[in-house]
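Everything quoted here is computed from the prediction, not taken from an experiment. For reference, positions follow the sequence shown, starting with 1.
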Amino acid sequence: MKLKNILRNVTAMALPLALLGSCTGDFEELNTNPYEIDPEELPFEAQFSTPLSFSYPTHQNLFQYWTSLSIDNYGGYFEVPHSNWTMARYDLARGFCGGMHENFMQKIFNNTRRLIKQCDAAGQHDFAAVARIVEAYNLLQYTDTYGPVPYSSVLAADELAERPSSYAYDKQEDIYKAIFAQLDKALEGLDTETAGLASFDCWCNGDRTLWKKIANQLKLRIALRMVKVDPAQAETVARAAISAGVLEDKDILISKGFENEMWLMFNWGDCGANASLVTMLKGFKDPRLKLYFTKNTQPIVKPGAKPLQVPDKDGKMVDKKDDDGFLVYAEEDYLTDPDTGEKLKPGTAYIGIPAGCAIGGKPNQYSNYSGWAGTFSMPQPIMFAAEGWFLRAEAELRWPGIGSEDVKTLYENGIRTSIKNQYAYRKSYAEQGYSEFKQSLPEDWNTLADDATIDAYIAGETVQTDYTDPNTALNGAYNSKALNLLSVKWDSGASKEEQLQRIITQKWIAVFPLSTEAWAEYRRTGYPKLFQVKQNASNGVISTELGPRRLPYSDTEINANTAEYNKGVELLNSEASGGTSGDNAGTRLWWDRADKGNF
C-alpha cells in the first residue's frame, strides 16, 4: 500500500493494540509516526467517515488526550476521580496536551482539505461544503484550545511539488476570518445538489437545510466569541446568521454505531461528575441531572472500613455481599449524604467530585460517586438546537431588535428545547446506565420532560447548593460554598450582566457534554461560576480564580516545527492580554480580553 509523509503527525491507522486499556505514558511519544496510509485508496464514503466521526473522537486513547484529561475538567462538567494525573490540579504535562492538535491535523484537516479540493474539481460543491463545515467546526475547537495554529501554510503547501519541512502559524484573528470564509463558501455550495450525500452523511443524513443551519449556528457562535475584540463585525455576522436561520428543534447527533468513549472514561475510573455541575443541577431542581448521571455506584464508607464477613458454603469467612453483588458494611461505617443524612449505600445520592484535589491514586471512593447515565453505543453529540436559542438570546440582549423575538422568549425556548431533546436523546441509554449499576429509575422518570415539569423548572427560584464532600465532611477540606446565586426564573428587570449570567448558565447546562464549548464560553464570560481547585500545582502560572486559559502546544510541534513554533508563540503573545505571556496555560487568547468586561 502506498505511503506518504504528512506533517509528521500520528499514524492514520488505529493506535497500537497495547494501548487499548487505560492509557499510560506519553501519548505523543507512543503514537507519533511520520507516515500515513494514502486516504485516496479508501472508498469514497470512508474518506468522509473519518472527519465526520472524529469530530467527537471514536478512539478511546485519543479521546482521553483530546479533552478528557484536560478540557473536560476545565469546562466544569467532569473531574478526574484520582490523583494519578495532575492535569486537574493545573500541573499540565505537555505530553498530555496534544490530543486536540493530533485529532485536528490527522483525523480532520488531513482529510477535509483533500476532499474539498477533490469534490470542487468534480463539481460536487455540496459535498465540498460538508467537508468545509466539518473543517470549520473542528478548526474552531483547535484554535480555541491553543490560539495561533498552523493553517494557511498547510493549505499553501498542498500546491507545492514537495512538502516543506515546517509550517507557519496564523494569528487567531486570521484563523477566525478563515473560518468565516469557509462557512460562506460552504453555504454557497449547499445550494447545489449531488446525488449520494446521505450515503456517507452521519451528521444530517443528507439534509442540506440542516447543514446550512449548522453553518449559520457556527457563525453566530463565533460572532459572540469575538464580541470583545471586534463588536462591529460580531454584530454584522450575528445579524446575517440569525436572518439565515440556526438550529431550532433538531440536535445533530452521530448515530451510526460509532463508539461513545465517555462511558469508557467513567468505566476506567478516569472520569467523574464535576461538583460544580451536580450542585447546580441539584440546586436548580433540574430534571437533566437524572439524565446526565446516576446516583453513587458503590458504597461510600469511612476510610479503612472493612466489609462484614460471613461464612461461605464451606465455612470459610468471606466478604458479605447483598443480592445485587455490592459489598455490605456495618451501618456505622457508611458515610452519609450531606443533604439528606442517608447512609451512602449504592444508589443513594447524586454526588459530584470536588475540583482539583489531591484525592489519592485509583482505585478510591471518588470513582464511586455519580456514574455516567449512558452506554458505549450512545450517539455522539455534535451540536444542540438549544444552543441556537441561547445564542440568539445573547445576541438580542446585546443588539435589541436583531431578531423577531425578545430575550425572555428565546431564553425559555432554549430551556424547553434542551430538556425535551436531552430526554429524547438520552432516555433509553440512561435507562441502561441505571440498570448497569443496579439502580431503580427515578420515580418521576416518565415525566422529566413533561410540559408541567419544564414550566415548574422555568419558574424556579432556587439556586445552586453548597458542596459538601462526604469523604471530608468532618474537616470541610474539599467543601465549597455555592457561587451561582441567580435562579432559573427570568428577570426582565435584572441588569444585563445578570441576564447574561442566566443565559450562559443555561446554555452551559444545555450543551453538556461538549466541554470545548463549555470551557470557551466560561473563559469568554466567566459564567457559570465554577468551584475553584483546592490544590493549584501550576507554580503560579495559572490563576486559581480564573483557571487555565489555553493548553500549551504539543511536543510534536516543538520538536518537528521548532522555528515556526517559536514564531507562533510570538503571535500568541502579540494577541494576549492580562500580563501573562508565553506558551503556558495562563496566557489568554485573542478574544479572551482581560481589559474588557462583558458589556
| task | Check the pair D444 / T447 against side chain to side chain donor-acceptor pair (under 3.5 Å), numbers first and verdict last. | result | CA-CA 5 Å; D444 58 351; T447 60; 5.2 Å; no
| query | Between R549 and L589, is any pair of side-chain heavy atoms under 4.5 Å apart? | reply | no
| query | Which atoms form the tightest heavy-atom contact between Y350 and P442, and what is the distance? | reply | OH-CG, 3.7 Å
| message | Less than 6.0 angstrom from the centroid, inside 45 degrees of the normal: does R426 satisfy that with respect to the ring of W372? | response | yes
| Is the backbone N or O of A452 less than 3.5 Å from a side-chain atom of D450, with the two atoms forming a donor-acceptor pair by type? | no
| query | Which atom pair, heavy atoms only, marks the closest approach of Q506 to R288? | reply | OE1-NH2, 3.1 Å
| query | Under the side chain to side chain donor-acceptor pair (under 3.5 Å) criterion, do N484 and Q464 qualify, and how do the steps go? | reply | CA-CA 6 Å; N484 296 276; Q464 179 183 23; 2.9 Å; yes
| said: Checking side chain to side chain contact (heavy atoms under 4.5 Å, CB included) between W591 and each of D144, I222, L224, which is the one that passes? | reply: D144
| task | Would you verify whether the NZ or CZ of K295 falls within 45 degrees of the ring axis of F437 while also being under 6.0 Å from that six-membered ring's centre? | result | no
| request: Report yes if some heavy atom in the side chain of Y411 is under 4.5 Å from a heavy atom in the side chain of F390; otherwise report no. | output: yes
| Taking NZ, NE, NH1 and NH2 as the nitrogens, is one of them in D455 or R416 under 4.0 Å from a carboxylate oxygen of the other? | yes
| Counting heavy atoms not belonging to K408, are there more than 12 under 6.0 Å from its NZ? | no
| Less than 4.5 Å apart, any side-chain heavy atom of S495 and any of F599? | no
| request: List the atom of L291, the atom of A430, and the distance in Å for their closest heavy-atom pair. | output: O-CB, 4.0 Å
| request: Compute the ring centroids of F63 and W66, then answer whether they are less than 6.0 Å apart. | output: yes
| query | For Y366 and N471, which heavy atoms make the closest approach, and how far apart are they? | reply | OH-CB, 3.4 Å
| request: Examine distances only and state if a side-chain atom of E517 and a backbone atom of G75 form a donor-acceptor pair shorter than 3.5 Å. | output: no
| query | Quick check: does any side chain N or O of Q422 sit under 3.5 Å from a backbone N or O of F512, one acting as donor and the other as acceptor? | reply | yes
| request: Applying side chain to side chain contact (heavy atoms under 4.5 Å, CB included), name anything that partners L441, two or more places apart in sequence or on another chain. | output: E431, Y434, W445
| message | Please give me the minimum heavy-atom distance between I359 and P81, naming the atom from each residue. | response | CD1-C, 3.4 Å
| field | Chi angles and distances behind the side chain to side chain donor-acceptor pair (under 3.5 Å) call for Y527, E497 | value | CA-CA 10 Å; Y527 301 126; E497 190 68 37; 2.6 Å; yes
| message | Could you tell me if the side chain of I419 sits less than 4.5 Å from the side chain of P287, heavy atoms only? | response | yes
| Test log, rule side chain to side chain donor-acceptor pair (under 3.5 Å), inputs T525 and N598 | CA-CA 6 Å; T525 67; N598 285 318; 5.3 Å; no
| task | Answer whether the closest heavy-atom distance between the side chains of W490 and I458 falls below 4.5 Å. | result | no
| said: Less than 4.5 Å apart, side chain to side chain, heavy atoms only: is that true for K213 and I252? | reply: no
| query | Taking C-beta and beyond as the side chain, do D322 and K345 meet within less than 4.5 Å on heavy atoms? | reply | no
| Should D91 and R89 count as an ion pair when the cut-off is N to O under 4.0 Å? | no
| task | Check whether the ring centres of Y77 and F293 lie less than 6.0 Å apart, and answer yes or no. | result | no
| note | What one should report as the nearest heavy-atom pair of V278 and A273 is CG2-CB, 3.8 Å
| Is there side-chain contact between E405 and E396, with at least one heavy-atom pair below 4.5 Å? | no
| task | Drop me the distance from N216's CG to I242's CD1, to the nearest 0.5 angstrom. | result | 10.0 Å
| field | Electrostatic pair K420-D249, nearest N-O below 4.0 angstrom | value | no
| request: Output yes when a side-chain donor or acceptor of N296 lies under 3.5 Å from a complementary backbone atom of Y369, and no otherwise. | output: no
